[in-house]
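Notes follow once the structure below has been shown.
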Number of protein chains: 2
Amino acid sequence: MKYPNKKNIVHQSIINYANRGMNLEHDINISNKYYLDNDIAVIYKKPTPVKVVKVDYNNRINTKIKEAYYETPSTTDYNGIYKGKYIDFEAKETKNNTSFSLNNIHPHQIKHLLKIEKHGGISFLIIRFSNLNKTFLLPTVKLENFLVNSNRKSIPLSYIEENGYIIEEKYQPRLDYIKLIDEIYIGEII
Amino acid sequence: MKYPNKKNIVHQSIINYANRGMNLEHDINISNKYYLDNDIAVIYKKPTPVKVVKVDYNNRINTKIKEAYYETPSTTDYNGIYKGKYIDFEAKETKNNTSFSLNNIHPHQIKHLLKIEKHGGISFLIIRFSNLNKTFLLPTVKLENFLVNSNRKSIPLSYIEENGYIIEEKYQPRLDYIKLIDEIYIGEII
């Protein structure tokens with residue numbers, strides 16, 4: 001292993017500069033905007049739930065919230081419609097190079113994904129291994145297979161590589177997961 | 001969407017006391033819970049979007065938001081899945097006895113409903129005339145017909161009575177709009 005030296009640090013900062021704003025949430029949001037603007041799909045990120053405790057009504061322009069706390073979301077972050085189908089997914093990044101820890105997802109979010117599948121919707125996880133620069137779509141049925149057959153608290157990268165699909169990164173849309181949905185679900189190769 | 005102000009909240013608390021739990025949002029939320037618990041449909045209200053400005057990270061138990069403001073929602077309040085179909089709607093109450101003012105809905109929310117319809121989803125408005133104790137489901141196509149053929153800034157109750165559907169209020173689910181969706185969309189009488 002190489003220990004950090006000045007050259008490496010400079011290199012790191014160049015990467016960060018080059019990939020500014022390249023985090024997963026941002027990539028999905030701009031992809032969704034592309035799908036929306038081009039009338040391909042209507043998919044939005046849900047707002048983060050906030051419990052408002054104190055509000056200042058004296059503010060003339062806009063009600064000012066003076067005290068509030070983040071709440072645990074009831075469902076996944078993203079949902080919407082594509083070709084008449086209900087789409088639902090959660091997106092997570094990991095810095096781990098070999099596995100994806102299930103601690104990254106709330107148990108009720110997994111339950112929600114399973115429920116959507118059962119009701120005839122399309123649900124999945126988008127998992128990015130940031131250091132490897134790889135982003136996968138893992139269908140809920142494959143997540144379920146893993147949970148049923150394993151007691152492990154993290155999904156090995158090898159399982160995701162075998163059962164998931166690499167999401168192509170390009171200029172527009174940044175993360176073309178709709179193309180994959182077409183191939184996996186609409187074309188029914190799963 | 002109306003944002004909370006002091007007057008509304010005082011008024012709200014009186015209504016809540018008299019007709020405990022009888023406001024539209026509450027009725028829809030408990031109906032959705034019934035559908036969820038009985039595995040009939042998976043429909044949630046989206047959290048109200050809040051723009052967080054200042055946060056106190058010193059709070060040990062939970063991050064405290066010290067300054068935030070309500071934002072205009074990008075879409076409608078409710079969406080989810082029923083029998084594999086994507087469901088999307090906005091719900092509004094009016095105290096007016098003769099018409100429903102279109103000022104109650106943001107233009108981009110109407111655009112959103114039309115988009116959902118175009119992409120093969122089921123979208124509609126739920127409108128309650130509180131004083132009349134009547135709650136209607138108005139399909140987006142009927143809303144669109146009205147907008148195309150009229151310059152009026154409010155929809156007369158008579159138009160809603162002719163083109164919408166009364167939502168039955170009962171013990172469980174409180175507002176059985178899924179039963180109507182079955183009749184209107186799945187049975188395709190529209």
Side-chain angles (χ1 to χ4, degrees), chain A residues 29 32-33 35-37 39-88 108 111-123, chain B residues 3-10 32-33 35-36 39-56 59 61-76 79-88 111-123:
Chain A
N29 289 346
N32 287 345
K33 191 178 178 309
Y35 294 139
L36 191 70
D37 292 347
D39 218 14
I40 294 165
V42 184
I43 295 163
Y44 282 94
K45 183 177 186 296
K46 290 187 188 175
T48 307
V50 157
K51 187 182 173 64
V52 175
V53 176
K54 269 188 212 158
V55 162
D56 176 5
Y57 295 105
N58 294 325
N59 196 308
R60 285 176 175 223
I61 300 152
N62 200 345
T63 304
K64 181 176 171 181
I65 298 165
K66 286 175 73 181
E67 186 181 348
Y69 299 90
Y70 290 106
E71 286 189 305
T72 307
S74 321
T75 63
T76 47
D77 270 357
Y78 299 88
N79 76 354
I81 185 168
Y82 171 60
K83 287 190 180 169
K85 304 272 185 193
Y86 176 85
I87 309 292
D88 197 302
H108 63 264
K111 268 191 199 168
H112 176 76
L113 291 170
L114 294 172
K115 228 170 222 190
I116 295 308
E117 203 69 29
K118 196 182 158 195
H119 281 265
I122 292 173
S123 73
Chain B
Y3 295 102
N5 59 44
K6 203 174 177 181
K7 199 180 145 204
N8 274 358
I9 284 187
V10 169
N32 287 346
K33 191 177 179 310
Y35 294 139
L36 192 70
D39 218 14
I40 293 166
V42 184
I43 295 163
Y44 282 94
K45 183 178 187 296
K46 291 187 187 175
T48 307
V50 156
K51 187 181 172 66
V52 174
V53 177
K54 269 188 211 157
V55 162
D56 176 6
N59 195 308
I61 301 151
N62 199 344
T63 304
K64 181 177 172 179
I65 298 165
K66 285 174 74 180
E67 186 181 346
Y69 299 90
Y70 290 105
E71 285 189 304
T72 307
S74 320
T75 63
T76 46
N79 76 354
I81 186 169
Y82 172 60
K83 287 190 181 168
K85 304 273 184 191
Y86 176 87
I87 309 292
D88 197 303
K111 268 191 199 167
H112 176 76
L113 291 169
L114 294 171
K115 228 170 222 190
I116 295 308
E117 202 68 30
K118 197 183 156 194
H119 281 265
I122 292 173
S123 73

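Every value quoted in this text rests on a predicted model; they were computed, and no experiment measured them.
The 12-atom threshold is exceeded at NZ of B/K46, counting heavy atoms of other residues, nucleotides or ligands nearer than 6.0 Å. Annotation: A/K45, atom NZ; neighbour count of heavy atoms from other residues, nucleotides and ligands within 6.0 Å is above 12.
Proximity to chain A involves both the backbone and the side chain of B/I116, based on heavy atoms less than 4.5 angstrom apart. With a 4.5 angstrom heavy-atom cutoff, B/K54 does not touch chain A via any of its atoms. If you measure heavy-atom distances from A/Y70 to chain B, the contacts under 4.5 Å come from both the backbone and the side chain. Contacts of B/D39 with chain A are made by both backbone and side-chain atoms, with heavy-atom separations under 4.5 Å.
With sequence neighbours excluded, no residue forms a salt bridge (charged side-chain N to carboxylate O under 4.0 Å, His left out) with B/K51. Looking at residues two or more places apart in sequence or on another chain, you find no salt bridge (charged side-chain N to carboxylate O under 4.0 Å, His left out) involving B/K111. Take A/I40 and apply the side chain to side chain contact (heavy atoms under 4.5 Å, CB included) test, not counting sequence neighbours, and it matches A/Y34, A/Y35, A/N38, A/Y82, A/I178.
Using non-hydrogen atoms only and a strict 4.5 Å limit, the part of residues 71-79 of chain A facing chain B consists of A/S74, A/T75, A/N79.
Taking OH from B/Y86 and CD1 from A/I122, the interatomic distance works out to 13.5 Å, rounded to the nearest 0.5 Å. Distance check, rounded to the nearest 0.5 Å: CD of B/E67 to CD of A/E67 gives 14.0 Å.
Taking every heavy atom of both residues into account, B/P47 and A/P49 meet most closely at CB-CA, 3.7 Å. Shown here for B/H119 and A/A41, the closest heavy-atom pair between the two residues is CE1-N, 3.9 Å.
Using a 4.5 Å heavy-atom cutoff, the side chains of B/K115 and A/I81 are not in contact. Side-chain contact between B/V42 and A/H112: present, with at least one pair of heavy atoms (C-beta onward) separated by less than 4.5 Å.
Tested against B/I65, the residues A/V52, A/V50, A/V53 include a single side-chain contact (heavy atoms from CB on, under 4.5 Å) partner, A/V50.
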